[in-house]
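Step one of this worksheet: look at the structure below.
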Amino acid sequence: MNTEYKPQSVESKWQKIWQDSNIFGVSQENDKPKYYLLEMFPYPSGRIHMGHVRNYTIGDVVARYKTMAGFNVLHPMGWDAFGMPAENAAIASKIHPKKWTYENIDYMRAQLRKMGFSYDWDREIATCAPEYYKWEQLFFIQMYNKGLVYKSRAFLNWCDQCKTVLANEQVVEGQCWRCGSQVFLKEHDQWFFRITAYAQELLDDIEKLKDGWPERVLNMQKNWIGRSTGTLIRFQIEGTSEDIEVFTTRPDTLHGATFMSLAPEHPLIKTLPTGTGQEREVSDFVASTLQVDTFTRTSDLYEKEGVFTGRYCINPLTGFRMPIYVANFVLYDYGTGAVMAVPSHDQRDFDFAKKYGLEIIVVIQPEGETLDPKTMECAYEGEGVLVNSKEFNGMKNTDAMEAITKHLEAINRGSATVNFRLRDWGISRQRYWGAPIPMVYCEKCGTVPVDVKDLPVLLPENVELTGTGISPIAQIESFVNTTCPVCGGKAKRESDTMDTFVESSWYFMRYCSPHSNDKPFDRNEVQYWMPVDQYIGGIEHAILHLLYARFYTKVLRDLGYIGFDEPFQRLLTQGMVIKDGAKMSKSKGNVVDPEELISNYGADATRLFCLFAAPPEKDMDWSDKGIEGSYRFLSRLWRLVLDMKEQLISTDVSSERPPKSMEPLKRKTHQTIKKVSEDIEKRFRFNTAIAAMMELVNDLYRAKETARTPEEFSVIREAVQNLLVMLSPFVPHIAEELWDALGNREMLFRFSWPDYDPSWCEEQEATIAVQVNGKLRATITVTRDSEQKAVEARALSEANVKRFLQDSDIKKVIYVPNKIINIIAAAR
RNA sequence: GCCCGAGUGGCGGAAUUGGUAGACGCAAGGGACUUAAAAUCCCUCGGAACUCAGUUCUGUACCGGUUCGAGUCCGGUCUCGGGCACCA
């Protein structure tokens, strides 16, 4: 055999064998425990990038390890195939999105195969296939019937670059998460998923994920859901029977509420000023405020401004005539879009009152201090005792919160409530390449869902893509014009498509029965495989995808499809791949192409370096020199095994006691099995597992120099065999090849993960650090588990120890067996 | 402002329960082999000092504490990263 390591031929050989024998196919099975390992599926953008390589390599190690450790492992792969890049490519180069997408899928599938990943390709799905999105349309209709889907006209985030609205989760620092351009508010008709109905459960169930999810992600979700408890208060508008509703966390300050602030988007703004002479001023203010993008408008530095609407509302406790303002800092999105202003105890309201000369009434006095509205320079937001609050005077403000809320309930002016920051999920997209929303507008019957038996509503293929902002399918008469499923009369179809995050909210269930064609999935199969035991993906989905998927799982449960609450038991968020101090990106010109790495160094070396360079959850620094090191290691392994091939084949692993000369190697072998098993199983620390195997290789090189007898080679064979088994999840091709070269018949992937012999893990001797007063003075080697007396005697006989004990009395000796002996002494 | 992380050689990173700080790898320097180079193999590699086979001092962002013993625990400070934030 040629002794030079040439990964390309080895890798393609084994990839073909794996593919031809369908070795990675799995089915429901009862004698092994199941394990569902999932990596976030990719968008088929054209080529895989280093982020994919890292993510999927980590997953593949776990999948292969778990298989060898005796689990029935589901490890599927598919494509998050709807989305805007396909459409943009179509506009730019006149390729149909469908063709573009499927060509990309073919190319990327081949790339993933070249990496040697152990996917069950029979389960591959693409979310743009009607067989997939059909079920999503069914869920939509069932959710609609249950009141979990509704349509509403609202001010929404609009990205002018992408020509579509965006969900709140998809706006990052006022910019579109995808293209980075400024997002504006625009009034739009939109379909919403009522995720807020699950806000409390999404928050509560975070408790169930504590053990398996990174705390960071759970915190982010908690912040995003943003629960706060407070009171809903109704203020009557003077001269009408209408109320303004307000949410406050400080009902204790209600007696000090002297004006009202409304968001510019508040519906009352359109009617309130009528007849007051303020109409013009208000509408000008609203128009100019709404032109400013939300991010700027809500930044700290933005000047707080407002305009009087000409109307008043009545403080329900004091009867105070509160002027109603429209103010640019009030968010329509949060609470009720209206804020009762208490300038004495809220800094923002204080500034506003000073600016417009509004009344300030102190209602909470801090201990040992008397606040005076005339001399106050800022609001007092701390605790204290109520004043100017009628029967509540003298009460501690913390107690008054409940007391005032109770009182409001009694006079029917308010109630205790819980408010969430989380908004309903707007899922309409004015784009072509997505799943059509299965609704119909009938002149007689109004908005009605498509009849379930007519699903799927197929996305028409004969479109012209222009990127003008109207849904392209709205212009296709044959699609839009339809008949009403209720009355059979003329009707028009909804022409918006669904947010692509809807597809990724349930794909992990479809993998369980990907070929089911009479229902979304088979309940038995989903119940067998789900929940996902280990999910792996990027931190950028901490809120977006992971929150939506949790929500959707709960919805499908309540629709009766499944019987569990959470989709992902454990989550690993892997770090980014960094080069030259920045995330790899085309614009920075620091992109490394995986395909080049595969052809230069092979898939195995690429995989190895991705795993070795950093622990998975940390960002990984790409290093061109580093991958050469990985390649060097594999070459070293290759030569090691093939150089000894003859001697190894002619001997067998023996259960006899090894020759003395080989005892250290046998010990190292079992220690390495233990270390590698624990690093994978308990810690997901592949870098230290690889380091341990490198050490074993280094030891094997030394052993190879001295070995002569078959008995000695037998121990080497034991080490090499186990090494190859352990390496196989990391570098599967070279491991299979060398395994085969040693004459093993069974394929490594089908081989069992090795057990270690605990008696061979322990060293015979222990190196003990000898300290005098906590400082290292010598190291001694003693037999394991030696008595303190013997160790102490040895320690005291060390010259350097004696030196430091001169003219001193020993006060105390601390002995930790096999580790350390510390002699505490004081000068005479 | 609130809530999380993280700070260790020239670099990526080890040190799992408080017990020899720097495993493994990269880079660098030296040597062997070679006509030469590549490849390979061996040695050195945190800093400083000295009486240099060795030994001492010092060192895990900074200041302090607990402990026989702290990278690890506690209190405080600084820096960096992340999330939320005019949130009523």
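Quantities reported herein were computed from a predicted structural model and do not represent experimental measurements. So that the names make sense, note that chain A is the first sequence line, chain B the second, and so on, each numbered from 1.
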| request: For A/N419 and A/S228, test the side chains for any donor-to-acceptor distance below 3.5 angstrom and give the result as yes or no. | output: no
Distances for protein N/O vs nucleotides 38-45 of chain B N/O pairs under 3.5 angstrom?
from	atom 1	to	atom 2	distance (Å)
B/U40	O3'	A/R639	NH2	3.4
B/C41	OP1	A/R636	NH1	2.6

| Partners of A/F352 by ring pair (Phe, Tyr, Trp, His ring centres under 6.0 Å), sequence neighbours excluded? | A/F259, A/Y325, A/F329, A/Y356
| Does the A/Q221 side chain pair with the main chain of A/A542, one donor and one acceptor, at a distance under 3.5 Å? | yes
| Are A/K355 and A/E303 close enough for a salt bridge, meaning some N to O gap below 4.0 Å? | yes
| request: With syn defined as a glycosidic angle within 90° of 0 and anti as everything else, classify B/C52. | output: syn
Taking N or O atoms only and anything under 3.5 Å, show me the protein contacts with nucleotides 17-21 of chain B, one pair per line.
from	atom 1	to	atom 2	distance (Å)
B/U20	O4	A/T767	O	3.4

| Pairing stems for RNA chain B [at least three consecutive pairs; Watson-Crick or G-U; under 3.5 angstrom] | B:1-7 with B:78-84, B:10-12 with B:24-26, B:28-32 with B:40-44, B:46-50 with B:54-58, B:61-65 with B:73-77
| query | How far, in whole Å, is B/G22 from B/A15 if one measures between their P atoms? | reply | 13 Å
| note | When rounded to whole Å, the CG to C1' distance for the pair A/L546 and B/G83 reads 14 Å
| query | Is the base of B/G9 syn or anti, where syn means the angle lies within 90° of 0? | reply | syn
| Does one side chain, of A/N223 or A/R421, offer a donor that lies under 3.5 Å from an acceptor on the other? | no
| request: Check the distance between B/C68's P and A/K812's NZ and give it to me in whole angstrom. | output: 5 Å
| remark: Paired with A/I237, the side-chain contact (heavy atoms from CB on, under 4.5 Å) test is passed by just one of A/L268, A/D243, A/T309, namely A/L268
| note | Tightest non-hydrogen contact, residues A/M50 and A/W622, listed as CE-CZ3, 3.5 Å
| query | Would you call the rings of A/H541 and A/H545 parallel, tilted or perpendicular, where under 30° means parallel and over 60° means perpendicular? | reply | perpendicular
| request: For the residue pair A/F612 and A/F730, establish whether any side-chain heavy-atom pair is separated by less than 4.5 Å. | output: no
Atom pairs under 3.5 Å, N or O on each side, protein against nucleotides 5-15 of chain B: can you list them with distances?
from	atom 1	to	atom 2	distance (Å)
B/G12	O2'	A/A613	O	2.6
B/G13	O3'	A/N687	ND2	3.3
B/A14	OP1	A/R685	NH2	2.7
B/A14	OP1	A/N687	ND2	3.2
B/A15	OP1	A/R683	NH1	3.0
B/A15	OP1	A/R683	NH2	3.0

| task | Would you mind telling me which of A/N822, A/I768, A/I820 makes a side-chain contact (heavy atoms from CB on, under 4.5 Å) with A/Y815? | result | A/I768
| query | Looking only at atom C1', what distance separates B/G65 and B/A14, rounded to whole Å? | reply | 28 Å
| query | On a whole-Å scale, what distance lies between the P atoms belonging to B/G75 and B/C3? | reply | 14 Å
| Sidechain N-carboxylate O distance under 4.0 Å for A/D351, A/K304 | no
| field | Whole-Å C1' distance, B/G13 and B/C84 | value | 32 Å
| With no angle test and no hydrogens, is the base of B/C86 tied to the side chain of A/K304 by a donor-acceptor pair under 3.5 Å? | yes
| Distance-minimising heavy-atom pair for A/C761 and A/Y756 | SG-CD1, 3.6 Å
| message | For the P atoms, the ones on B/C62 and on B/G7, what distance do you get once it is rounded to whole angstrom? | response | 13 Å
| Nearest 0.5 Å, what's the CD1-CG distance between A/I673 and A/L696? | 8.5 Å
Using a cutoff of under 3.5 Å, can you pull out all pairs of nitrogen or oxygen atoms linking the protein to nucleotides 51-55 of chain B, with atom names and distances?
from	atom 1	to	atom 2	distance (Å)
B/U55	O3'	A/R803	NH2	3.3
B/U55	O2'	A/R803	NH2	3.1

| request: May I ask you to decide if A/T781's main-chain N or O and A/R794's side chain share a donor-acceptor pair within less than 3.5 Å? | output: yes
| field | Reported CG-to-CD1 distance for the pair A/L317 and A/I233, which is rounded to 0.5 angstrom | value | 7.5 Å
| task | Look up atom CD in A/E245 and atom CZ in A/R234, then write down how far apart they are to the nearest 0.5 Å. | result | 5.5 Å
| query | If you check every side-chain atom of A/L331, which of B/C68, B/C86, B/A23 has the closest atom? | reply | B/C86
